[in-house]
Every structure is written in C-alpha cells, then in structure tokens.
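Residue numbers count from 1 along this sequence.
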Amino acid sequence: LIQGNVEVDGNLKIGKKSKIFGDVVAKRVVVGEGTFISGKVSAHQDVELKDAVIVGTGPGKGEVIAGGIVKIANSVAVFGNVSANQVVTE
C-alpha cells in the first residue's frame, strides 16, 4: 500500500495486487495484475496494464498517458482518458 505519488527516473514494475493512492510517473511502467491505482499513470515511453488492473476511482479520475505504446489487457478498467502514440488491447 502506497499513499502518495510514485515518481521514478527509470523503468517501474509494480507487483501483483498492489494499491497506490496517487499518481505514477516513470520512463516505462508495467502494472501487475490485480493492481489498483487511484490517479494517473504516465510514462515517457510505454505503459503495460496487466489483467484486472483498475486506474482511477470513477469517471475522469484516472488517466493513462504514454509517449509510446499503451498495452491494455481485456479485464482492465481505466476511468479516464488514454493518450499514446499507439494503444493495443489484448
């Protein structure tokens, strides 16, 4: 459980079933399955959201932004906008 923002200069891999009450910012972000993030997920390069990930707490409360590719598994819920050069769903 993390209550606050997570900012990393390099790559960030978030483990399964993690809970982050804040925003996530890194060069590249991989979010493990079953994870909840209450705020935005931002990456200079790519973002990968594994199975059963939830971003945001309601409409407009979460957002995923990537300078490259956003890869989204089928069972992911994003309560906000997804912005990237390319979006891939699995």
Side-chain angles (χ1 to χ4, degrees):
L1 171 66
I2 296 174
Q3 293 185 347
N5 297 332
V6 177
E7 295 185 31
V8 177
D9 289 332
N11 297 331
L12 176 64
K13 183 175 181 181
I14 299 169
K16 294 179 182 179
K17 298 183 180 177
S18 298
K19 289 183 175 61
I20 299 173
F21 292 93
D23 297 334
V24 173
V25 180
K27 180 178 178 182
R28 182 175 186 276
V29 179
V30 177
V31 181
E33 57 189 67
T35 292
F36 169 78
I37 299 171
S38 69
K40 288 193 278 188
V41 177
S42 301
H44 301 290
Q45 293 181 356
D46 302 332
V47 172
E48 182 176 355
L49 305 175
K50 305 275 187 171
D51 290 331
V53 168
I54 298 172
V55 179
T57 56
K61 300 288 186 180
E63 187 173 20
V64 178
I65 302 167
I69 299 169
V70 172
K71 188 184 280 188
I72 302 174
N74 284 328
S75 59
V76 169
V78 177
F79 293 100
N81 297 324
V82 176
S83 175
N85 285 332
Q86 182 180 4
V87 177
V88 177
T89 58
E90 300 179 331

Check: Would Val64 end up clustered with Val8 when hydrophobic side chains under 4.5 Å apart are linked, directly or stepwise?
Finding: yes
Notebook entry, point to check: Can you get from Leu12 to Val55 by hopping between Ile, Leu, Val, Met, Phe, Trp and Tyr side chains that sit under 4.5 Å apart?
Noted result: yes
Margin query: Minimum heavy-atom separation for Val70 and Ala66, please, with both atom names.
Written below: CG2-CB, 3.6 Å
Item checked: Partners meeting side chain to side chain donor-acceptor pair (under 3.5 Å) with Lys71 (sequence neighbours left out) -> none
Checklist line | Euclidean distance, Glu48 CD relative to Ile14 CD1, rounded to 0.5 Å | finding: 12.0 Å
Acceptor/donor pairs from residues 73-89 side chains to any protein atom, 3.5 angstrom cut, sequence neighbours excluded:
| from | atom 1 | to | atom 2 | distance (Å) |
| --- | --- | --- | --- | --- |
| Asn74 | ND2 | Glu90 | O | 2.7 |
| Ser75 | OG | Ala52 | N | 2.8 |
| Asn85 | ND2 | Gly67 | O | 2.5 |

Next item on the list: Can you measure from CD1 (Ile2) to CD1 (Ile20) and round to the nearest 0.5 angstrom?
Entry: 4.5 Å
Show the atom names and distances, to 0.1 Å, of all donor-acceptor pairs under 3.5 Å that link a side chain in residues 23-42 to residues at least two apart or in another chain.
| from | atom 1 | to | atom 2 | distance (Å) |
| --- | --- | --- | --- | --- |
| Asp23 | OD1 | Lys40 | N | 2.8 |
| Thr35 | OG1 | Gly15 | O | 3.0 |
| Thr35 | OG1 | Ser18 | N | 3.2 |
| Thr35 | OG1 | Gly32 | O | 2.9 |
| Ser38 | OG | Gly22 | N | 3.0 |

